[in-house]
Amino acid sequence: MYSFVGLPILSVAQPKQLIISARSGTAVQTPTTHQESNQSTESTSIETSGGEVNTLPLLNESAKTSDQIDQEIRFLNDCDRNFASRSDASDFFAARGWDYVDKGQLDTAAHRFNLSWLLNHDNVDAYWGLGVICYQKNHLTDAIKILRKGTAIADSNTVLLTDLATVEIKCYQDKPDADMLAEAEAHLHRAVTLNPNALSFQKLSVVQFLKADYPKAWEYFHQARSIDLSSLDLTYLNELLAKQPDPKGVFK
């Protein structure tokens, strides 16, 4: 696994472990009634001449050539024939995107999420998936930009908020910026207000660690412990112990 030299080595902040499996609380379901025709739509629609632009987040949101516009129209028409709605088609391609993320095929995954976004600009999984891919490629600025678009649509999704905070923390670790850390802290506070959970509390602990407020870091760490002991990052725990003994005496 990767590590952050000189900073808390928090496993949930590692590129391979951004929260993707719990993205929407449940896995995106593939429509079953049109599954065979949908598979055909996927296999034919992706053979375009768009090249690299197909893997750029949100198709680069730039001016398109007439050929690219024609390809998109044909793709949308294919989906209209093979799916009950464009929303269903968007969910289908988002699900394929997550499948490819799990396989480590990030460019192929990015193309699927782009197609999902093309079908439905309000599909949070499209933004989430592209944000995860940018994060895994260490394109942190892009990841933050895209994940923020996702939270603008689903501002009550606590896992997504925590993922965004994870990227912001990593960005701060790479290049300290008080505003960036404050953004992460605000997202985490919203997450625990909506749904108190161990992961978000542990991330709040890391924020306080980075601010050198170790008593507060311990307070949040124990809140995480009280919710789910098994979720605690022991490597980070050792980092915290090295800065200050546990005020409660639970951890030695």
Side-chain angles (χ1 to χ4, degrees), residues 1-26 128 131-132 134-136 138 140-141 143-144 147-148 150-151 154-252:
M1 300 303 296
Y2 304 99
S3 64
F4 305 142
V5 178
L7 291 168
I9 308 174
L10 187 62
S11 65
V12 290
Q14 306 286 347
K16 289 292 187 180
Q17 293 184 323
L18 198 64
I19 307 302
I20 58 174
S21 61
R23 51 194 180 273
S24 300
T26 58
W128 203 337
V132 167
C134 288
Y135 183 66
Q136 293 199 12
N138 205 34
L140 301 184
T141 301
I144 290 171
L147 290 173
R148 284 176 177 171
T151 58
D155 63 354
S156 297
N157 189 315
T158 57
V159 183
L160 179 56
L161 287 166
T162 303
D163 269 5
L164 173 55
T166 295
V167 185
E168 291 169 332
I169 290 170
K170 175 63 166 65
C171 192
Y172 174 86
Q173 289 178 303
D174 287 351
K175 184 179 180 180
D177 179 337
D179 289 340
M180 182 66 69
L181 195 61
E183 283 285 327
E185 186 172 12
H187 290 131
L188 292 168
H189 276 301
R190 176 164 176 76
V192 297
T193 298
L194 292 167
N195 174 36
N197 66 91
L199 180 59
S200 298
F201 274 121
Q202 191 167 196
K203 293 293 182 64
L204 278 169
S205 177
V206 173
V207 169
Q208 299 307 316
F209 182 102
L210 294 171
K211 293 165 67 174
D213 188 344
Y214 305 119
K216 193 69 173 178
W218 274 114
E219 180 181 330
Y220 284 128
F221 193 80
H222 279 294
Q223 285 181 278
R225 174 184 65 87
S226 67
I227 294 173
D228 183 5
L229 181 63
S230 67
S231 71
L232 298 183
D233 186 304
L234 300 183
T235 305
Y236 168 63
L237 171 60
N238 287 329
E239 295 274 354
L240 187 53
L241 282 167
K243 295 295 184 180
Q244 183 186 78
D246 180 3
K248 295 182 179 292
V250 175
F251 300 103
K252 306 294 185 181

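- At least one donor-acceptor pair closer than 3.5 Å links the side chain of Asn197 to the backbone N or O of Asn195.
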For Thr162 and Val159, what are the C-alpha separation, side-chain angles and deciding distance, and is it a side chain to side chain contact (heavy atoms under 4.5 Å, CB included)? CA-CA 5 Å; Thr162 303; Val159 183; 5.7 Å; no
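- Between the side chain of Gln202 and the main chain of Ser231, a donor-acceptor pair closer than 3.5 Å is present.
- For the residue pair Leu160 and Asn157, the shortest heavy atom distance occurs at N-OD1, 3.0 Å.
- Considering all non-hydrogen atoms of both residues, Leu161 and Arg190 come closest at CD1-CG, 3.9 Å.
- The side chain to side chain contact (heavy atoms under 4.5 Å, CB included) check on Asp246 picks up Trp218, His222, Leu241, Lys248, Val250, Phe251, with sequence neighbours excluded.
- For the pair Val207 and Leu210, the minimum side-chain heavy-atom distance is 4.5 Å or more.
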Working note: Thr166 + Tyr135, criterion side chain to side chain contact (heavy atoms under 4.5 Å, CB included); need CA distance, chi angles, decisive distance, verdict. CA-CA 10 Å; Thr166 295; Tyr135 183 66; 3.9 Å; yes
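- Taking the side chain as every heavy atom from C-beta outward, Leu232 and Leu237 never approach each other to under 4.5 Å.
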Could you go through the side chain to side chain contact (heavy atoms under 4.5 Å, CB included) check for His189 and Ser200 one step at a time? CA-CA 8 Å; His189 276 301; Ser200 298; over 6 Å; no
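- Counting heavy atoms from C-beta on, the side chains of Lys211 and Glu185 come closer than 4.5 Å.
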Decide side chain to side chain contact (heavy atoms under 4.5 Å, CB included) for Ile144 and Leu164; before the verdict, give the C-alpha distance in whole Å, the side-chain angles of both, and the deciding distance to 0.1 Å. CA-CA 6 Å; Ile144 290 171; Leu164 173 55; 4.2 Å; yes
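- Heavy-atom minimum distance, Thr158 versus Ala191: CG2-O, 3.5 Å.
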For Glu168 and Lys203, run salt bridge (charged side-chain N to carboxylate O under 4.0 Å, His left out): C-alpha distance rounded to whole Å, both residues' side-chain angles, the deciding distance at 0.1 Å, then the answer. CA-CA 11 Å; Glu168 291 169 332; Lys203 293 293 182 64; over 6 Å; no
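- Taking every heavy atom of both residues into account, Tyr214 and Leu240 meet most closely at CD2-CD1, 4.3 Å.
- Annotation: the span from Thr141 atom OG1 to Asn138 atom CG amounts to 9.5 Å, rounded to 0.5 Å.
- Under a 3.5 Å cut-off, the side chain of Tyr236 and the backbone N or O of Ser205 do form a donor-acceptor pair.
- The two residues Ala198 and Asp228 make their nearest non-hydrogen contact at CB-CB, 3.8 Å.
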